[in-house]
Amino acid sequence: MDSHFFAYMYRLNYIERWSLMRNTTKENVAEHSFHVALLVHMLCEIGNSLFEKQYNTDRAVTLALFHDATEVFTGDIPTPVKHHNAKMLASFRELEALAAERLLAMVPEPMQKAYAPLLSSHHGSISSEEQTLQAMVKAADLLDAYLKCLYELSAGNREFLVARGQTEQALAALNMPEVEWFLNHMAPSLGMTLDELSD
């Protein structure tokens, strides 16, 4: 019952993000997954504490940790490439599904039922609660991209100027009170210096 699953999971730190853009600080998929897990935890707790929601925070964090696991095989395909046209996106989705199947096959068979929904959002029918949590993970994923833009712009890198505007629009289109609250009350400090944060 030997498994290479975690050997591959630990290689996510070799997969670089934002490969078409000049970065002041490199970011890999393992770091990104951790950030998305932190963000979805906060979004769920904002919802539960401030907006009387009943999100399963622990499950959302688990989904976030594995949301880009297939990129260990596919790499991080830049959004402009992936969404260039419908045919390109469909091809990528097919590749992603094959990568998910390959990863799942590495999980010992008694545990595959637990990992299948973590490795592929297209695996079987899922509950409305799980769909809601996956939407929260997608919101956190987009929010992490926005925070990356803020960070790069605060470092003087104008390469991320257009991306910030596009990401702001995408976040607004979500129409999620949890995201709006985060943007108003937590996101601004991401663009501050350490000295500014310490005041």
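Source: prediction; values computed, not measured. Values below: every heavy atom of this structure, side chains too, minus hydrogens, waters and symmetry copies.
Looking at Ser189 and Leu197, their side chains come closer than 4.5 Å, going by heavy atoms from C-beta outward. Between Tyr151 and Thr24, some side-chain heavy-atom pair lies under the 4.5 Å cut-off. Counting heavy atoms from C-beta on, the side chains of Val40 and Lys138 never come closer than 4.5 Å. With a 4.5 Å cut-off on side-chain heavy atoms, Leu38 and Met42 do not count as touching. The shortest distance between side-chain heavy atoms of Val72 and Val29 does not fall below 4.5 Å. A 4.5 Å side-chain heavy-atom check between Leu171 and Glu168 finds every atom pair outside the cut-off. Put simply, the side chain of Leu118 does not reach to within 4.5 Å of the side chain of His67, judged on heavy atoms.
The shortest heavy-atom contact between Leu174 and Ala139 is CD1-CB, 3.8 Å. Val137 approaches Val36 most closely through the heavy-atom pair O-CG1, 4.0 Å. Minimum heavy-atom separation, Ala60 to Leu133: CB-CD2, 4.0 Å. In terms of heavy-atom proximity, Asn13 sits nearest to Tyr10 at OD1-O, 2.6 Å. Minimum heavy-atom separation, Asn28 to Ala30: OD1-N, 3.0 Å. Residues Pro188 and Leu183 share a closest heavy-atom pair of CD-O, 3.2 Å.
For the side chain to side chain donor-acceptor pair (under 3.5 Å) test, residues two or more places apart in sequence or in another chain that qualify with Asp68 are His32.
Inspection of the Glu45 and Thr57 side chains reveals an N or O donor paired with an N or O acceptor under 3.5 Å. Between Asn157 and Arg22, the side chains place a donor N or O and an acceptor N or O closer than 3.5 Å (distance only, hydrogens not considered).
Residues Leu119 and Phe6 share a single hydrophobic cluster, defined by chaining ILVMFWY side chains whose heavy atoms lie under 4.5 Å apart. Grouping the Ile, Leu, Val, Met, Phe, Trp and Tyr side chains by contacts below 4.5 angstrom, directly or via other members, places Met186 apart from Met192. Linking ILVMFWY residues whenever their side-chain heavy atoms come closer than 4.5 Å, directly or via other members, places Ile77 and Leu20 in the same cluster.
With values rounded to the nearest 0.5 angstrom, Leu190 atom CG is found 6.5 Å from Leu150 atom CG. The CG atom of Asp2 sits 13.0 Å away from the CE atom of Met106 when rounded to the nearest 0.5 Å. To the nearest 0.5 Å, atoms OH (Tyr55) and OG (Ser49) are separated by 12.0 Å. To the nearest 0.5 angstrom, Thr70 atom OG1 is 10.5 Å from Leu98 atom CG. Between the CZ atom in Phe182 and the CG atom in Leu43 there is a gap of 7.0 Å [rounded to 0.5 Å]. To the nearest 0.5 angstrom, Lys148 atom NZ is 15.0 Å from Arg164 atom CZ.
A salt bridge links Lys26 with Glu16; the closest basic N to acidic carboxylate O contact falls under 4.0 Å. A salt bridge links Lys53 with Glu178; the closest basic N to acidic carboxylate O contact falls under 4.0 Å. Between Arg59 and Glu130 there is a salt bridge, since at least one side-chain N of the basic residue sits less than 4.0 Å from a carboxylate O of the acidic one.
Ring-centre distance between Trp18 and Phe160: below the 6.0 Å cut-off.
Between Phe5 and Tyr115, the two ring planes are perpendicular [angle over 60°; tilted spans 30° to 60°].
Heavy-atom neighbours of Glu196 CD from other residues, nucleotides or ligands within 6.0 Å: above the threshold of 12.
Because its NZ or CZ atom is both nearer than 6.0 Å to the ring centre of Phe73 and within 45° of the ring axis, Arg102 counts as a cation-pi partner of that residue.
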